[in-house]
Each structure stands twice: as structure tokens, then as C-alpha cells.
Asker: 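Sending over a structure as C-alpha cells; questions will come in a sec.
None of these values were measured; they are calculated from a predicted model. When a residue number appears, it is its place in the shown sequence, counting from 1.
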Amino acid sequence: MLSRSFFAAVSELGDNFNATVALKRQEQTIDDVWDISRLDVQRTLPSILSPVQLKLLPGFASMLYTSKTKVKMRMFMSGGG
């Protein structure tokens, strides 16, 4: 799987590594995982939601369902303060 392959590669980096290459691989893995999600949403939701419900999808679900191409999404979490 994509994430397993990515984590295996990261665990083998060692102390000295090319950060640019590592970041590029990370970003590509994130994009690939979001695309798997997009394709799954588009394949699955029409079989469990009505056409009206599909039109009312909020936020990320709507973006994944309606996108014709790969989406580029990132989420950043912040700790409670």
C-alpha cells in the first residue's frame, strides 16, 4: 500500500538524507491517498445516498465527490491552548 511504502522509506532515511527528495515523496504520497479517497467516494456514495443527498454533501465530501481530477488538499491541526 502507499502509506506502508512511504513509512518504510522514511524509516530507512537515517540521519543524513535529502530533505527535498523526502518532502517530494511525502507530498506525492499524500496526493495519491487523497485520489484513492476521491475515487472511492465517487464509486460508493451514489449507491448509498439519494440524488438529493448527493447534492447536499458538505465540505470535503462534496469536493471529493464532484472533482473530475485529482484534488490537492492539506489539513493542519493545532493543539488546544
Side-chain angles (χ1 to χ4, degrees):
M1 309 274 171
L2 288 172
S3 56
R4 186 179 301 152
S5 171
F6 170 72
F7 291 127
V10 169
S11 70
E12 296 170 359
L13 284 177
D15 291 336
N16 297 311
F17 60 91
N18 184 326
T20 301
V21 171
L23 178 63
K24 186 174 182 177
R25 179 158 188 181
Q26 169 192 297
E27 295 300 300
Q28 185 60 55
T29 300
I30 292 169
D31 290 342
D32 291 345
V33 171
W34 273 117
D35 201 46
I36 290 168
S37 299
R38 177 184 69 87
L39 295 172
D40 187 57
V41 162
Q42 292 175 355
R43 181 176 50 251
T44 304
L45 290 187
S47 67
I48 58 176
L49 297 177
S50 72
V52 172
Q53 289 172 313
L54 291 170
K55 289 185 191 303
L56 296 173
L57 284 171
F60 291 128
S62 176
M63 186 184 330
L64 291 170
Y65 181 70
T66 60
S67 179
K68 304 286 187 225
T69 60
K70 287 186 173 190
V71 294
K72 188 147 187 104
M73 297 193 323
R74 298 295 183 268
M75 292 184 204
F76 300 94
M77 306 300 172
S78 176

Asker: So, taking the atom named CG in Asn18 and the one named CZ in Arg25, what distance separates them when rounded to the nearest 0.5 Å?
Answerer: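 It comes to 13.0 Å.
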
Asker: Nearest 0.5 angstrom please: Gln26 CD to Phe7 CZ, how far?
Answerer: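 Nearest 0.5 Å value for the CD-CZ distance: 9.0 Å.
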
Asker: For Ser37, check side chain to side chain donor-acceptor pair (under 3.5 Å) against everything at least two apart and list the hits.
Answerer: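 For Ser37, no residue satisfies side chain to side chain donor-acceptor pair (under 3.5 Å) once neighbours in sequence are set aside.
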
Asker: Please answer: with hydrophobic residues joined when any side-chain heavy atoms are less than 4.5 Å apart, are Ile30 and Met73 in the same cluster?
Answerer: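 Yes, one cluster joins them.
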
Asker: After noting the C-alpha distance and the side-chain angles of Val41 and Leu57, does the key distance pass the side chain to side chain contact (heavy atoms under 4.5 Å, CB included) rule?
Answerer: CA-CA 11 Å; Val41 162; Leu57 284 171; 5.6 Å; no

Asker: Same cluster or not: Phe76 versus Val33, using hydrophobic residues (I, L, V, M, F, W, Y) connected whenever any side-chain heavy atoms lie under 4.5 Å apart?
Answerer: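 Cluster IDs for Phe76 and Val33 differ.
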
Asker: Working to the nearest 0.5 angstrom, can you tell me the gap between Trp34 CH2 and Met75 CE?
Answerer: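 Those atoms lie 3.5 Å apart.
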
Asker: Would a single hydrophobic cluster contain both Val71 and Phe60, if residues Ile, Leu, Val, Met, Phe, Trp and Tyr are joined by side-chain heavy-atom contacts under 4.5 Å?
Answerer: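 Yes, Phe60 connects to Val71 through the hydrophobic network.
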
Asker: To the nearest 0.5 Å, what is the distance between NZ on Lys24 and OG1 on Thr29?
Answerer: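 The NZ atom of Lys24 sits 12.0 Å away from the OG1 atom of Thr29.
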
Asker: Applying salt bridge (Lys or Arg N to Asp or Glu O under 4.0 Å), can you list everything that pairs with Arg74, at least two apart in sequence or on another chain?
Answerer: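 Result, salt bridge (Lys or Arg N to Asp or Glu O under 4.0 Å) vs Arg74: Glu27, Asp31.
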
Asker: Do you reckon Leu64 sits in the same ILVMFWY cluster as Ile48, going by side-chain contacts under 4.5 Å, direct or chained?
Answerer: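 Yes; Ile48 is reachable from Leu64 via cluster members.
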
Asker: Is it true that a side-chain atom of Gln42 and a backbone atom of Ser67 form a donor plus acceptor pair closer than 3.5 Å?
Answerer: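 Present.
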
Asker: Got a sec, which residues hit salt bridge (Lys or Arg N to Asp or Glu O under 4.0 Å) with Lys70, two or more places apart in sequence or on another chain?
Answerer: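 If we apply the salt bridge (Lys or Arg N to Asp or Glu O under 4.0 Å) test to Lys70, skipping adjacent residues, the hits are Asp32.
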
Asker: Hey, any chance Val21 and Phe6 share a hydrophobic cluster, counting ILVMFWY side chains that come within less than 4.5 Å of each other, even indirectly?
Answerer: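 Val21 and Phe6: separate clusters.
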
